[in-house]
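Worksheet for the structure shown next.
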Amino acid sequence: MRLLSLQAVQYRNIEQATLIPGRELTVICGNNGQGKTNLLEAVWLLTGGKSFRGGKDAELIKRGAPFAALDAVTQRDDGVENTVRITVGPPGSEKPGRRARVNDVDRGRAASIAGGFPAVVFDPGHLSLVKGSPDGRRKFLDAALCQMYPGYLAVYRRYSRAMTQKNALLKKYEITTGAADILEALNCELAARGEEIQRRRLAYLELLGPFAVENYARLSHGAETLALAYEPIFEPGSLLEVLHQHRGDEIRAGMSLYGPHREDFEITLDGHSAKVYASQGQQRSAVLSLKLAEAACVKEITGQWPVMLLDDVLSELDESRKAYLLTRMEEKQTFVTSCDDADFLKTDGVIYRMDGGVLTKVRD
């Protein structure tokens, strides 16, 4: 998959910018706070309208502007081109939220185009994958699965909707008429969708693991061995039984206590928890290993190399690790932001500079 062109209008601090990227490497340089990450985020929105920074609709629109728009031309590895338009309207406008058109056909909510433009993103916030909460690691798995298996998003949404309804019921269980029957129906729905979510996560982690292990070994020059292990709270096929067994516990707690929304996966280095013992450099190497492995999985499953979006990726890496990472940018289209373009001057990449939301090409 490749991005052939992108025009961003009234997007965050960008009044108007046109990006014509290189076939493989495109570097966006500039000081902090100039809009480099905003441009990467705009590319990421082509994957289905969500921001990897969690930005709300109003935050994506340039201050004082009525809406934001992204117009892109993408190309699959088989040469098929598509035009994609995403608009972001503020609450209360004629067309609020994020909407998408593909080849001039209205697709409604931008989330509907998930899977059409696979991409993998790394930004410094992803370092929390190692030492952060289980929620971040679950989102890492679920976001990847939504891109590779468009049907997974529907399953995930049905589970989340049933979970919201169940939690609302449990909080008012004693004063709700027919609460027992409603709870049984919701548990049946949660069990069916929850089993599918866990099954997909387990299969994905089994595919991801060997790639991540190899990447980490090369990044760290074999200093440690990385391993990944899913931590289920129910055995496959047993979720409904678990929910029945702990029905009383959940009623007393007033919230759902069992299901894939409570599961996690552990990252270890030489058998020791990375969450407890990993240094800053080890964390960065582990997350980069996971992200490179994610790209390999997309290729394995979809047949398309995803576009790589790497925000400030070279910070705190030694020269050998930088060299290894730069070699991994071959074959797939990669966008990198940097405060210093010195690391890329010896490459064949296209170089842009971003200053105050204004994008200027420095080198073809």
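The shown structure was predicted, so the numbers you read here are calculated from the model rather than taken from an experiment.
- At a threshold of 4.0 Å, the pair Arg158-Glu189 counts as salt-bridged, since one of the basic side-chain nitrogens sits closer than that to a carboxylate oxygen.
- For the pair Thr225 and Thr268, the minimum side-chain heavy-atom distance is 4.5 Å or more.
- With Asp78 contributing its side chain and Val80 its backbone, the two residues share a donor-acceptor pair below 3.5 Å.
- Follow the hydrophobic side-chain contacts under 4.5 Å out from Val336 and you never reach Val121; the two are in separate clusters.
- Note: the hydrophobic cluster containing Ile113 does not contain Tyr152 (ILVMFWY, side chain heavy atoms under 4.5 Å, direct or indirect links).
- Ile20 and Val358 fall into different hydrophobic clusters, where Ile, Leu, Val, Met, Phe, Trp and Tyr residues are linked whenever their side-chain heavy atoms come under 4.5 Å apart, directly or through other members.
- Here the CZ-OG distance, from Arg284 to Ser289, works out to 12.5 Å after rounding to the nearest 0.5 Å.
- At least one donor-acceptor pair closer than 3.5 Å links the side chain of Ser112 to the backbone N or O of Arg107.
- Shortest non-hydrogen contact noted between Gly35 and Ile14 is O-CD1, 4.4 Å.
- In this structure, Pro306 and Lys332 approach most closely via the heavy-atom pair O-CB, 3.9 Å.
- No donor-acceptor pair under 3.5 Å is formed between the side chain of Glu231 and the backbone N or O of Glu263.
- Under 4.0 Å is where a charged nitrogen must lie from a carboxylate oxygen, and between Glu196 and Arg199 at least one such pair does.
- The backbone N or O of Ala278 lies less than 3.5 Å from a partner atom in the side chain of Lys131, making a donor-acceptor pair.
- One distance of note links CD of Glu250 with CG of Asn167; it measures 8.5 Å at 0.5 Å rounding.
- Note on Phe52 and Leu288: separate hydrophobic clusters, where clusters join Ile, Leu, Val, Met, Phe, Trp and Tyr whose side-chain heavy atoms are under 4.5 Å apart, directly or indirectly.
- Atom CD of Glu294 sits about 11.5 Å away from atom CG of Leu207, to the nearest 0.5 Å.
- At least one donor-acceptor pair under 3.5 Å links the side chain of Gln10 to the backbone N or O of Phe67.
- The nearest pair of heavy atoms linking Leu309 to Leu40 is CD1-O, 3.8 Å.
- Here the closest non-hydrogen pair linking Ala110 and Ala100 is CA-CB, 3.8 Å.
- Heavy atoms from other residues, nucleotides or ligands lying under 6.0 Å from NZ of Lys139 number 12 at most.
- No side-chain heavy atom of Phe117 sits under 4.5 Å from any side-chain heavy atom of Gln147.
- Taking a cutoff of 4.0 Å between a charged side-chain nitrogen and a carboxylate oxygen, Arg53 and Glu41 qualify as a salt bridge.
- A donor-acceptor contact shorter than 3.5 Å is absent between the side chain of Asn82 and the backbone of Thr74.
- Judged by distance alone, the side chain of Asp77 and the main-chain N or O of Trp305 form a donor-acceptor pair under 3.5 Å.
- Phe140 CZ: more than 12 foreign heavy atoms inside a 6.0 Å radius.
- For residues 230-260, the pairs satisfying ring pair (Phe, Tyr, Trp, His ring centres under 6.0 Å) are His246-Tyr258, with sequence neighbours left out.
- Between the side chain of Arg2 and the main chain of Arg23, a donor-acceptor pair closer than 3.5 Å is present.
- The aromatic rings of Phe122 and His126 lie tilted to each other, with the angle between the two planes from 30° to 60°.
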Original post:
side-chain contact (heavy atoms from CB on, under 4.5 Å) between Leu292 and Met308: does it pass, once the steps are laid out?
Top reply: CA-CA 9 Å; Leu292 292 170; Met308 298 291 293; 4.1 Å; yes
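- A salt bridge does not link Arg200 with Asp142: none of the charged nitrogens is closer than 4.0 Å to a carboxylate oxygen.
- Counting heavy atoms from C-beta outward, Pro260 and Tyr159 have side chains that approach closer than 4.5 Å.
- Considering only heavy atoms from C-beta on, Cys29 stays 4.5 Å or farther from Met354 through its side chain.
- If you take CG on Leu219 and CD on Gln282, they are separated by 12.0 Å, rounding to the nearest 0.5 Å.
- Shortest non-hydrogen contact noted between Leu190 and Leu239 is O-CD2, 3.7 Å.
- The shortest side-chain heavy-atom distance between Glu24 and Thr334 does not fall under the 4.5 Å cut-off.
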Subject >> Test log, rule side-chain contact (heavy atoms from CB on, under 4.5 Å), inputs Asp249 and Leu257 >> reply: CA-CA 8 Å; Asp249 295 337; Leu257 302 174; 4.2 Å; yes
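- Within the structure, the side chain to side chain donor-acceptor pair (under 3.5 Å) test picks out the following pairs touching residues 59-71 (sequence neighbours left out): Asp71-Arg85.
- Using a 4.5 Å heavy-atom cutoff, the side chains of Arg98 and Thr87 are not in contact.
- Surrounding CD of Gln245 are more than 12 heavy atoms belonging to other residues, nucleotides or ligands, all under 6.0 Å away.
- Distance check: Ile351 CD1 to Thr26 OG1 gives 10.0 Å after rounding to the nearest 0.5 Å.
- Although no hydrogens or angles enter the test, the distance criterion places no donor-acceptor pair under 3.5 Å between the side chain of Thr176 and the main chain of Ala179.
- Looking only at side-chain heavy atoms (C-beta outward), Leu45 and Leu60 come within less than 4.5 Å of each other.
- One finds no salt bridge joining Arg76 and Glu81 here, because no Lys/Arg side-chain nitrogen approaches an Asp/Glu carboxylate oxygen to under 4.0 Å.
- With rounding to the nearest 0.5 angstrom, the CG atom of Leu4 is 11.5 Å from the OG1 atom of Thr83.
- Ring pair Tyr277/His272 is perpendicular by interplanar angle, where above 60° counts as perpendicular and below 30° as parallel.
- Looking at Val155 and Leu153, their side chains never come closer than 4.5 Å, going by heavy atoms from C-beta outward.
- If you chain together hydrophobic residues whose side chains sit under 4.5 Å apart, Leu290 and Leu202 fall into the same group.
- Counting only distance, with no hydrogens or angles, the side chain of Asp123 and the backbone of Asp312 share no donor-acceptor pair below 3.5 Å.
- Contact between Met255 and Arg262 at its shortest, heavy atoms only, is CE-NH2, 3.2 Å.
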